[in-house]
Amino acid sequence: METELKDLSPATQPPPPAPADKDDRPLLKPEPDAEASAITPENLAELEKRFAAYVRRDAYGSMGRGELPLREKVLLGVAMATLVPVRVVAALAILVAYYLICRGCTLLKKPNREEEGEQEDYAHMGGWRRKVIVACGRVLSRAMLFVMGFYWINETSRGASCGPEDDGGKRQEEHERPGAIVSNHVSYVDILYHMSSSFPSFVAKRSVAKLPLVGLISKCLGCVYVQRESKSSDFKGVSGVITERVREAHQNKDAPMMMLFPEGTTTNGEYLLPFKTGAFLAKAPVLPVILNYPYQRFSPAWDSISGARHVLFLLCQFINHIEVTHLPVYHPSEQEKNDAKLYANNVRKLMAKEGHLILSDIGLAEKRVYHAALNGLICQC
């Protein structure tokens, strides 16, 4: 997780303010926020109405700390003693197996480097090595989902290619390769599904590249690493790198496809937040995908609950469900190509309509406020 901002000290010289584009506070750490401290159980309903996109509505309640009925407690206890250990061992075995496959396929190969080492990956390898990495990655990602209780994936596709018509009144090339896949963001499980489906490249923190096992796998995926605090004049910025990769994927069928979550954070799956424009600056077609996680007891949505608690409760559910809707490739009009915000907003409206999602105008900043308020409420209780 991200490091927490230090509290202001009473020293004579106050510390310099943090850069405007850097906010690395953890989402679920309590902070001395005036608005949060004013929250009481009596106005919880008003709080949930304001931050509806992040409210958990399952049996486990806000932050997974709700009062559970006796039956649910018994089921949790049995699952923790029997199901969870088996799933953890199986998941680690899959992770290690895929790491060894990636290590073998990248042996004696130099990674592709861009921008003087800012980006490094093995996704541009060709031949049998790349085929093995992709094929095994898709199979083992699906196996990981199975281990987590996603035994079936309900997938549907809708309609023909979307977008404007050309001057001759004919639809643009329907089989034209999209530059990126754009999806709503509900959970970390989203990543496993997309790996099993199309094995695309993602955006990840630079620290991910240094993690044991996962670091090499992320390089084989071709992840674009983010280092927001970098102020180097030679660093093009995340948007520039993503734009080039999206354009490359659109023009070259052998290039890794980019997978982007334009909301920038996760929701409870019922709402769609405003889209960032990174996926749309390249003016290339995009493939919208909508994810939904039906549930009865515990919601797989990672909205207002800590990561460790969420993983534990998810593994305790014997069956988890996922529904996927593939929309047609969206071809931008000339007006949309010249206005990335318009392009992003139109794709967002289409996804909301087709996925029966509610449009929301809040974002990550409001999510931090909501989490701080929940922590304050729990402390008062």
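The residues of the chain are indexed from 1 along the displayed sequence. These numbers come from a predicted model, not from an experiment.
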*In Å, rounded to the nearest 0.5 Å, how long is the span from CG of Leu314 to CZ of Arg309?*
14.0 Å

_For the CZ atom of Arg87 and the CG atom of Leu83, what is their distance to the nearest 0.5 Å?_
4.0 Å

*Return the set of residues passing side-chain contact (heavy atoms from CB on, under 4.5 Å) with Cys105 (not counting sequence neighbours), or none when no residue passes.*
Ile101, Trp128, Arg129, Val132, Ile133

*Answer yes or no: is there an ion pair linking Asp339 with Lys341, defined by an N-O contact shorter than 4.0 Å?*
no

*Between Asp121 and Lys219, is there a side-chain N and carboxylate O pair less than 4.0 Å apart?*
no

_Passing option when Val88 is tested against Leu312, Val147, Val311, Leu315 for side chain to side chain contact (heavy atoms under 4.5 Å, CB included)_ = Leu315

*asked:* For Tyr293 and Asp190: C-alpha separation, side-chain torsions, deciding distance, then whether side-chain hydrogen bond (donor to acceptor under 3.5 Å, both in side chains) applies.
replied: CA-CA 10 Å; Tyr293 295 87; Asp190 303 349; 2.5 Å; yes

*Any chance you could measure His356, atom NE2, to Leu272, atom CG, to the nearest 0.5 Å?*
13.5 Å

_Nearest heavy-atom neighbours spanning Leu273 and Arg348_ = O-NE, 2.8 Å

_Let me check something: do Met144 and Leu100 share a hydrophobic cluster, defined by ILVMFWY side-chain heavy atoms less than 4.5 Å apart, either directly or through other members?_
yes

*Please answer whether the main-chain N or O of Arg177 pairs with a side-chain N or O of His250 as donor and acceptor at a distance below 3.5 Å.*
yes

*Would you mind telling me which of Val203, Thr266, Val182, Ile191 makes a side chain to side chain contact (heavy atoms under 4.5 Å, CB included) with Phe261?*
Ile191

_Test side-chain hydrogen bond (donor to acceptor under 3.5 Å, both in side chains) applied to Ser218 and Tyr225, step by step_ = CA-CA 9 Å; Ser218 71; Tyr225 298 114; 2.6 Å; yes

*For the pair Trp302 and Tyr188, name the ring-plane relationship: parallel under 30°, tilted 30 to 60°, perpendicular over 60°.*
perpendicular

_Please evaluate residues Phe280 and Tyr330 with respect to the criterion ring-ring contact (aromatic ring centres under 6.0 Å, His included), reporting the C-alpha separation (whole Å), side-chain torsions for both, the decisive distance (0.1 Å), and the verdict._
CA-CA 11 Å; Phe280 308 94; Tyr330 188 101; 8.6 Å; no

*Please assess Asn184 against Glu263 for the test side-chain hydrogen bond (donor to acceptor under 3.5 Å, both in side chains), listing each intermediate value before the final yes or no.*
CA-CA 7 Å; Asn184 62 319; Glu263 292 172 287; 5.4 Å; no

*Is Tyr295 reachable from Val324 through a run of hydrophobic residues whose side-chain heavy atoms are each under 4.5 Å from the next?*
no

*asked:* Can you confirm whether Tyr54 sits close enough to Ser62 that some side-chain heavy atom of one is under 4.5 Å from a side-chain heavy atom of the other?
replied: no

*Ignoring hydrogens and angles, tell me if any N or O in the side chain of Glu72 forms a donor-acceptor pair with the backbone of Pro69 under 3.5 Å.*
no

*How would you list, by chain and number, every residue that makes a ring pair (Phe, Tyr, Trp, His ring centres under 6.0 Å) with Phe313, sequence neighbours excluded?*
Tyr60, Phe298

*Stepwise salt bridge (Lys or Arg N to Asp or Glu O under 4.0 Å) check, Glu270 with Arg57*: CA-CA 10 Å; Glu270 300 174 9; Arg57 307 185 189 281; 3.3 Å; yes

_Check ion pair Lys73-Glu67 (N to O, under 4.0 angstrom)_ = yes

*Between Arg247 and Glu244, is there a side-chain N and carboxylate O pair less than 4.0 Å apart?*
no

*Does a donor on one side chain and an acceptor on the other come within less than 3.5 Å for Lys367 and Ser304?*
no

